[in-house]
Structure formats: C-alpha cells, structure tokens
Protein chains: 2
Amino acid sequence: MSVDRTQVLRSAAALLSRKSTATMDEVARAAGIGRATLHRHFAGREALVRALEEMGLQELEAAIDTAALDEGPADEAVRRLVAGIEPLAPLLALLVSENQLFEGDQQNEGWARLDARVSQLFRRGQEQGVFRIDLTPAWLTEALYGLVGSAAWSVQDGRVAAKDFQYMIVELLLGGARRSVER
Amino acid sequence: MSVDRTQVLRSAAALLSRKSTATMDEVARAAGIGRATLHRHFAGREALVRALEEMGLQELEAAIDTAALDEGPADEAVRRLVAGIEPLAPLLALLVSENQLFEGDQQNEGWARLDARVSQLFRRGQEQGVFRIDLTPAWLTEALYGLVGSAAWSVQDGRVAAKDFQYMIVELLLGGARRSVER
DNA sequence: ATCACGTGAGACATCTGTGTCTCATTCGGT
DNA sequence: ACCGAATGAGACACAGATGTCTCACGTGAT
C-alpha cells in the first residue's frame, strides 16, 4: 500500500532521462501512483529533482566505496565499478545529461568529489602502466559516464540485452572496438 | 540584421542539451535575439524542436555520406565519420539524450535509417576482421553516439580541450583505454 | 534622403502545469 | 469485523510560459 520512495525515484529517473519535460502527472503515472500521492512524498518538482540528485550521488558514492578503486589492478577496479554502477545507470544517465541541476553549486561539490575519485583511478592505472597515457583521466571519466548512459538507454529501448550491460561497457572502455592480436 | 536560422538552431541545441526545460525566452537570449523574433522563425516550441530534429538528421546524413563508410578500412571510415560529426556534436547530443522527440514515428524512420548505416559500418569492420566480433554493431553504434555526446559536453564545460575532440573519441572507441603492446 | 523590412521590447490574453485541498476508497494491521 | 492510515480521483486557484499583437527603432537597399 505504502509507496516505495526509492522505487518512485527510479522510475522517475528512467522517464526523465528520456523525456525531461515530463509532467508531474506523467512521472506519477510512470511510477504507478496518483499525482496527489507523488506530491505527498515530494513537495514539488524541485524537491523531486533534488531527491534524485541526492540519491544519485549517494548511491554512486556507495558504489565507488564498494568497488575499492585503490586496490588491485586498475582495470579490474574498473570492472568492479561498472558492476556496482549498473543498478543506478538510468539515474546516472539522467544526472549526467541534465547538469542544469547543479546550479546551486551545493551538490556540485559532491559530484566533483566523486569525479575526482574515478579520475584518480584512471590516473593510477596510467602510472602503473595499465592504461595508455594519451587519454586524460578526465576524459576517461566522462567517457565512462557516457558509455554507462548509452548502455542504460540501449537496454531500456531493447536495442541490446540487459545481461550484456557490464561486458559491453567494460570491454569497449578498456579494450576498444579494434581487433588486436592478444585478444 | 537578418537572423541566421542555422545559428539560432545551433545555440538552441547547445542550451537545450544541458537544460532541456529552458524557456523560449532563454533560448532566444542564448541566440542573442528577442523572443518575438524567435517566434517569427519558429511557430512555437514544438516547431523549434522539429526543426532541430530535421537539421540534425539532415546534417548527420550529410556527414555519413561524406565519410563514405563503405570505402577503405573500417577503422579509417570511423575516423572520417567522427571528423564529420564534430561540428554537429552538440545537436547530436541533444537528439540522442532526448528521444521524446521521436513519438510521431515519422522522423523515427529517418533516424533508424542512419542508425542502420552506421551499424553497417561496424558490421563490415567485423566481417573484414578489423573489429572484434563480441561487441554487437548496434552497441558500437550507440557507444559512438554516447562518446560523441560526452565529448561535446566535456568540451562545452571546459573539462577537455576542443582540439582533442576527434582523437579522444576515435582512440577510445577503436583502441580502448588499456595499454597494449602494439601501441 | 527615403523607404521597406526585420528586429527588439513590451503588453496582453490564454493555456498548461503546479500546488493544495477534499472526499471516497482501499489496504493493512488489530 | 473494525479502524486507521495512505491512496486515487477530482476540483480549484495560482504561477509561469506561451503565442499574438503593436509600436518604435535600426539597418540596408534604392
């Protein structure tokens, strides 16, 4: 009976990432609840978006923590990170594509901090000779977000199989599309 | 004096790709024109979006044509394609991230057709042994869009240098982040 | 210098989405 | 079976964006 707040936020993320001008009513319908109920849980559109930000940052941070980016080979850390990110991919896709949200410069810092941690992983990989050094850590970080978003949308639209999510991202990010000898 | 329609559409794409809820007034300001003038050129928000779609599809098709995807090694064709896409990257980023636009199933076909052409390039590369076969052409196509979008946003936000646009995308897409022997 | 045209600024009515409320209903716990 | 809490549906006023119009100004052509 009672509404699952997290569930509502997830469906909202999935919808808004594809139709950012969606109405509060559409968001409610997508979550399978009434508009009034949606309003009882989130004071308004503003609050809803804030909640999405907060949840996104929080869950991404948790995923980064769990992945233990400082341990083991950098490429394996990337695999762990992508694996942990999968459940929150639609939400991440929304937050990445809509950075209007970060005007208050409040949550902006939280985002920058997570960016730095991911970026640091790629830097570590470069220093340890695992990653090539002609692609900046900043770009690799952005590319990771982009690929995660693309994969999330592709799965959502049925263009690729959900079970291949991690494999597709990691393999392309780490190994690229070109066929090479050692593979 | 007279307004450059293409210029208006480009600035609108850049703005809307980052703040999709932007007002018509904001779009006008971003283009350096008045709201009334914007309205004289595009009957309404709906018409503006349609024009963005149309221009995006048209220019992407032109870029694909110019790249001559059927000729030469597949990886070189990818390089040509990315080079041709660079000027319309912000527009492409908008269209990819906001697929609410394709409800009328009209322009949807145009998009599907272009998708098929790009996808065919990757398939050709696989058949000729240039690309690995464990990543589907559909995914590689989506990934290309995703990376182009990420790169466009990164450049727009100043996180990476504009001059590295093509290099970053092509190198990551084709070669991946991992350091390997022949590189 | 004159004229036609396109533009910017502002006013205006309208519309759509928003936020709040009430009320009947349903679900879950007792 | 009962009761309380949460929900859905609908009504309502309000706010903000939209679409249209007018008018004055600047520009470019003649």
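Everything quoted here is computed from the prediction, not taken from an experiment. We name chains A, B, ... by the order of the sequence lines, and we start the count at 1 in each one. Note: hydrogens, waters and symmetry copies are ignored here, and every other heavy atom, side chains too, is used.
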Could you give the distance from [atom1] ([X]) to [atom2] ([Y]), rounded to the nearest 0.5 Å?
X      : Y      : atom1 : atom2 : result
B/L121 : B/L144 : CG    : CG    : 9.0 Å
A/D65  : A/R117 : CG    : CZ    : 4.5 Å
A/S11  : A/L91  : OG    : CG    : 11.5 Å
B/E59  : B/T6   : CD    : OG1   : 7.0 Å
A/L57  : A/I64  : CG    : CD1   : 9.5 Å
A/M168 : B/W139 : CE    : CH2   : 5.0 Å

Original post:
From D/dG19, C/dT7, C/dT18, pick the nucleotide closest to the side chain of A/T23?
Top reply: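 When the side chain of A/T23 is considered, C/dT18 is the closest of D/dG19, C/dT7, C/dT18.
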
Subject >> Contacting residues from residues 40-47 of chain B, given that a heavy atom lies under 4.0 angstrom of DNA chain C >> reply: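 Residues of residues 40-47 of chain B under 4.0 Å from DNA chain C: B/R40, B/H41.
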
Original post:
Separation of B/H39 atom NE2 from D/dT22 atom C1', in whole Å?
Top reply: 16 Å

Subject >> Between C1' of C/dG17 and CE of B/M24, the distance in whole Å >> reply: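 After rounding, the gap between these two atoms is 17 Å.
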
Original post:
Would you call A/E171 and B/R178 a salt bridge, taking side-chain N to carboxylate O under 4.0 Å as the test?
Top reply: no

Original post:
Is the shortest distance from a Lys or Arg side-chain nitrogen in B/R18 or B/D157 to a carboxylate oxygen in the other one below 4.0 Å?
Top reply: yes

Original post:
Does B/D25 or A/D4 map to a spot on DNA chain D nearer the 5' end, using the closest nucleotide for each?
Top reply: A/D4

Original post:
Under a 4.0 Å heavy-atom cut-off, which of residues 30-38 of chain A touch DNA chain D?
Top reply: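 When residues 30-38 of chain A is checked for heavy atoms under 4.0 Å from DNA chain D, the hits, listed by number, are A/G32, A/I33, A/G34, A/R35, A/A36, A/T37.
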
Subject >> Under 3.5 Å side-chain donor-acceptor pair for A/S97 and B/S97 >> reply: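 There is no such pair (donor and acceptor under 3.5 Å, judged by atom type) between the side chains of A/S97 and B/S97.
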
Subject >> Base-paired stems in DNA chain C, each at least three Watson-Crick or G-U pairs under 3.5 Å >> reply: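 Detected stem regions: C:1-30 with D:1-30.
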
**OP:** Test salt bridge (Lys or Arg N to Asp or Glu O under 4.0 Å) on A/R50 and A/E53 and set out the steps.
**Re:** CA-CA 5 Å; A/R50 291 290 169 188; A/E53 286 183 62; 3.5 Å; yes

Subject >> C/dA9 phosphate, OP1 or OP2, under 4.0 Å from B/R29 side-chain N/O >> reply: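 For C/dA9, OP1/OP2 do have a side-chain N/O of B/R29 under 4.0 Å.
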
**OP:** For salt bridge (Lys or Arg N to Asp or Glu O under 4.0 Å), just list the numbers for A/R29 and A/D25, CA-CA rounded to whole Å, side-chain angles, deciding distance to a tenth of an Å, and then say yes or no.
**Re:** CA-CA 6 Å; A/R29 299 297 166 184; A/D25 188 69; 3.7 Å; yes

